[in-house]
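Only one structure is covered here, and it is reproduced in the block below.
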Amino acid sequence: MSRFYLTTPIFYVNDAPHLGHAYTTVTADAVCRWQRLLGNDVVFMTGTDEHGLKVQRAAEANGLTPQEQADQTSERFRDAWDHINIAYDDYIRTTEPRHHASVRAFMQRCYDNGHIYKGTYDGLYSVSDEAYVTQADVDEGRVSGPVERMTEENYFFKLSEFAEPLLEWFEREPENITPTRYRNEALGIIKGGLADVSVTRTSLDWGIRVPWDESQVFYVWYDALINYATVAGYDGDPDRFAAWWPATRHLLGKDIIRFHCVYWPAMLMAAGVKDLPKFHVHGWLLIGGEKMSKSKLNQISPENMTEEFGVDGFRYAMLRDTSFGPDNDFSYEALLSRYTSDLANAFGNLLGRVAAVVESKAGGIGPAASPDSPLRESTAAAYEAASKAWEQVQPSVALDATWQILRDANEYFQRMEPWKLPEGNEVNAVLGDTLECLRIATILASPAIPDAAAVAWQRIGMTGNPADQRLPEAAEWGGYGGGTQVIRGDPLFPRISSD
RNA sequence: GGCGGCGUAGCUCAGUUGGUAAGAGCGCUCGACUCAUAAUCGAGAGGUCGCCAGUUCAAGUCUGGCCGCCGCUACCA
């Protein structure tokens with residue numbers, strides 16, 4: 001048994017949960033559920049990033065204190081994740097005392113190790129963009145309003161010192177960042193030259209106080225990144241940290257590569273943390289299709305997506321239709337099409353037709369799988385492919401491989417025509433083998449569709465929950481012993497009309 | 001501007017270190033079947049692999065140029 005610690009980025013609380021957040025989080029959830037099937041010890045973490053100027057401003061605009069603003073939005077994220085069945089083990093908020101303590105301890109180490117110094121930040125600030133900008137930004141018209149020169153005494157992190165160590169890390173760990181395209185991008189950032197970065201601010205209060213200079217607070221990014229260490233027990237639980245930190249994997253979007261894949265590893269080195277995380281980077285979820293844009297689904301909360309397709313329908317379609325890495329198009333039409341073809345037709349309908357024939361030809365009792373089934377080999381191959389894909393954080397590939405079992409089972413069932421056979425061994429073998437395919441596919445699909453998988457599991461006469469199965473044994477042919485009641489029931493994934 | 005990425009069948013995407021007649025799912029056409037959620041199964045049509053040039057016995061797969069789209073370039077996954 002091994003440990004598996006997976007994080008999503010923590011989400012900034014000036015923005016309501018939307019499909020992009022859901023994409024990252026559902027992917028992480030499914031990957032963790034797969035790891036649990038393997039019997040690994042898993043910690044799955046998500047949470048909210050609550051400090052910084054934008055939160056302070058948003059609070060003022062809403063007539064709230066920053067804490068109230070953070071409380072409200074953080075709760076919305078938590079509700080959204082509960083709604084789409086995200087089984088997180090820890091939900092961190094950067095305003096929690098444990099995180100404040102952790103950040104102060106972490107940064108104090110960096111300071112004590114001589115990687116932080118006091119300097120003068122001198123930069124251009126665009127009020128309308130609420131952001132610091134470069135001269136190049138101004139020259140090339142990427143700034144929406146007037147800029148003013150800001151001068152501030154800040155503490156700087158000696159990022160420039162870490163270019164070499166970072167390159168050594170890339171040399172040493174060929175798979176530190178996947179997919180490769182993003183590894184190259186991070187490498188490009190490092191090779192492009194790293195300047196020291198200002199990590200504190202005096203211009204706002206809503207942040208974590210610098211332990212060696214209480215007049216300053218940490219700039220929100222450098223507080224936020226440390227959350228991953230907080231959850232692993234960085235401050236106050238050295239044993240836990242030693243055990244879990246080496247198992248760390250970060251899931252993130254390509255827009256935050258710089259901070260995660262370059263700055264964060266450098267900070268860890270500065271704090272004297274030996275183990276560096278693995279990074280899995282994904283592209284954007286692009287929203288295409290007219291119906292989708294009609295209701296501005298790119299801004300809509302994840303809850304709205306589940307009204308028609310159910311939680312599992314939404315989760316499945318998103319995981320199956322987005323290849324992890326590149327940007328992906330996602331649309332209402334695609335979602336409907338995926339739901340219908342894969343869930344209603346290939347899975348739900350197979351379940352229904354088998355149950356109907358079990359009822360008419362086997363008295364409603366599922367017969368056992370036959371040991372020498374022609375489906376045995378292809379099912380094993382599908383498991384191997386799915387397993388490999390989950391390991392590589394490729395849910396779409398894993399689910400496609402899993403559905404091969406269902407396609408094969410439908411083909412077999414069709415070819416054997418059990419509904420025409422007389423009751424007896426021959427029909428029992430066909431039914432048992434098809435049920436066995438459903439049993440295995442249900443386990444393998446459960447990370448994507450946990451609730452529906454649990455229902456399907458009961459329908460074919462299994463007891464317990466597919467989530468409690470252990471791979472790889474549970475995926476081996478012959479696990480369906482038969483002799484239990486198969487339940488026909490209502491369609492597991494009812495068809496949805498397209499209007 | 002700088003750095004990086006993408007452009008393969010109608011759609012969404014796969015295509016190891018260049019090498020048998022370019023793949024999958026969906027969609028479409030035709031046929032079969034009727035156990036099932038008008039589901040399922042079979043057959044088929046459909047691609048000059050963005051464009052041009054080059055390297056090579058051989059390029060979707062390498063090199064150069066061009067066109068189009070996109071990301072990052074200090075606080076949105």
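Within every chain, numbering begins at 1; the chains are lettered A, B, ... in the order of the sequence lines, protein sequences first and strands thereafter.
Considering only side-chain N and O atoms, A:Arg488 lies under 4.0 angstrom from the phosphate OP1 or OP2 of B:A36. Phosphate contact (OP1/OP2 of B:A39, side-chain N/O of A:Asn410, threshold under 4.0 Å): absent. Taking 4.0 angstrom as the limit, A:Lys54 places a side-chain polar atom (N or O) nearer than this to OP1 or OP2 of B:C76. Checking the phosphate oxygens (OP1, OP2) of B:A14, a side-chain nitrogen or oxygen of A:Ser323 falls inside 4.0 Å. Within the 4.0 Å cut-off from OP1 or OP2 of B:U73, not a single side-chain nitrogen or oxygen of A:Arg258 is found. Applying the 4.0 Å criterion to OP1 and OP2 of B:G4, one finds that A:Lys254 has every side-chain N and O outside that range.
A salt bridge does not link A:Lys254 with A:Glu185: every distance from a Lys NZ or Arg NE/NH1/NH2 to an Asp or Glu carboxylate oxygen is 4.0 Å or more. Here A:Glu391 does not pair with A:Lys388 in a salt bridge; the nearest charged N to carboxylate O distance is not below 4.0 Å. A salt bridge does not link A:Arg459 to A:Asp490: none of the charged side-chain nitrogens sits closer than 4.0 Å to a carboxylate oxygen. Taking 4.0 Å as the cut-off between side-chain N and carboxylate O, A:Arg33 and A:Asp29 count as a salt-bridged pair.
In this structure, A:Phe11 and A:Phe77 have parallel ring planes: the angle between them is below the 30° cut-off, well short of the 60° mark. Between A:Tyr23 and A:His282, the angle of the ring planes goes over 60°, which puts this pair in the perpendicular group of the 30/60° scheme.
Counting any heavy atom pair closer than 4.0 Å across all strands shown, A:Ser198 reaches a base atom. In this structure, A:Lys420 reaches the sugar-phosphate backbone alone: every heavy-atom distance under 4.0 Å involves primed, P, OP1 or OP2 atoms, never a base. A:Tyr263 comes within 4.0 angstrom of no nucleic acid atom, judged by non-hydrogen atoms across all strands. Residue contacts shown for A:Ile189 are absent, as no nucleic acid heavy atom lies under 4.0 Å away. A:Gly52 comes within 4.0 angstrom of nothing in the nucleic acid, heavy atoms only.
Summary of the strand contacts: A:Phe156 and A:Arg338 both lie near RNA chain B, and taking for each the nucleotide with the nearest heavy atom, the more 5' one is attributed to A:Arg338. For the pair A:Thr322 and A:Asp490, nearest-nucleotide mapping onto RNA chain B gives the more 5' position to A:Thr322.
Atom CG in A:Asp342 sits about 13 Å away from atom C1' in B:G27, given to the nearest Å. Rounding to whole angstrom units, NE2 of residue A:His51 and P of B:A74 are separated by 23 Å. Rounded to an integer number of Å, the gap from A:Phe11 CZ to B:C76 C1' is 10 Å. Atom CG in A:Asn345 sits about 13 Å away from atom C1' in B:G27, given to the nearest Å. For the pair A:Arg415 CZ and B:C41 P, the interatomic distance rounds to 12 Å; values are reported in whole Å. In this structure, A:His260 atom NE2 and B:G71 atom C1' are separated by 17 Å, rounded to whole Å. Atoms CZ (A:Arg181) and P (B:C13) sit 11 Å apart, rounded to a whole Å. Taking atom OH on A:Tyr182 and atom P on B:U73, their separation rounds to 14 Å, with Å as the unit.
Here the separation of B:A39 from B:G27, taken at their P atoms, is 9 Å to the nearest Å. Comparing the P positions of B:G31 and B:G25 gives a spacing of 22 Å, expressed to the nearest Å. B:A24 and B:G47: their C1' atoms are spaced 15 Å apart (whole Å). The C1' atoms of B:U48 and B:G60 are separated by 12 Å, rounded to the nearest whole Å. Nucleotides B:G19 and B:G65 have their P atoms positioned 24 Å apart, rounded to a whole Å. Rounded to the nearest Å, the gap between the P atom of B:G7 and that of B:G50 is 8 Å. Only the C1' atoms considered, B:A22 is 9 Å distant from B:U8, to the nearest whole Å. Taking atom P in both B:C11 and B:C49, one finds a spacing of 16 Å when rounded to whole Å.
As the counterpart of B:G42, B:C30 is assigned, both hydrogen-bonding distances of the Watson-Crick or G-U wobble pattern falling under 3.5 Å. Under the Watson-Crick and G-U wobble criteria, each requiring two contacts below 3.5 Å, nucleotide B:U55 is left unpaired. With both pairing distances under 3.5 Å, B:U48 is matched to nothing as a Watson-Crick or G-U wobble pair. Across all strands shown, B:G18 forms no Watson-Crick or G-U wobble pair with both key distances under 3.5 Å. Nucleotide B:C72 forms a pair with B:G2, judged by Watson-Crick or G-U wobble geometry with both contacts under 3.5 Å. Nucleotide B:G23 forms a Watson-Crick or G-U wobble pair with B:C13, both donor-acceptor distances falling under 3.5 Å.
Residue A:Ser337 places its side chain closer to B:C26 than to any other of B:A39, B:C26, B:C33. Checking B:A74, B:C33, B:A24 against every side-chain atom of A:Asp400, the shortest atom distance belongs to B:A24. Closest contact between the side chain of A:Gln414 and the listed nucleotides B:A39, B:C76, B:C35 involves B:C35. Closest to the A:Val357 side chain, of the nucleotides B:A36, B:C35, B:C76, is B:C35. Among the nucleotides B:A39, B:C35, B:A74, the one closest to any side-chain atom of A:Ala356 is B:C35. For A:Trp419, counting side-chain heavy atoms from C-beta on, the closest listed nucleotide (B:C35, B:C76, B:U37) is B:C35. Checked against B:G71, B:A39, B:C76, the side chain of A:Glu185 finds its nearest nucleotide in B:G71. Nearest to the side chain of A:Arg353, among B:C41, B:A36, B:U34, sits B:A36.
In this structure, A:Arg78 forms a cation-pi arrangement with A:Tyr91, its terminal cationic atom sitting closer than 6.0 Å to the ring centre and no more than 45° off the ring axis.
Heavy atoms from other residues, nucleotides or ligands lying under 6.0 Å from CD of A:Glu426 number 12 at most.
Between A:Tyr316 and A:Trp403, the ring centre distance stays below 6.0 Å.
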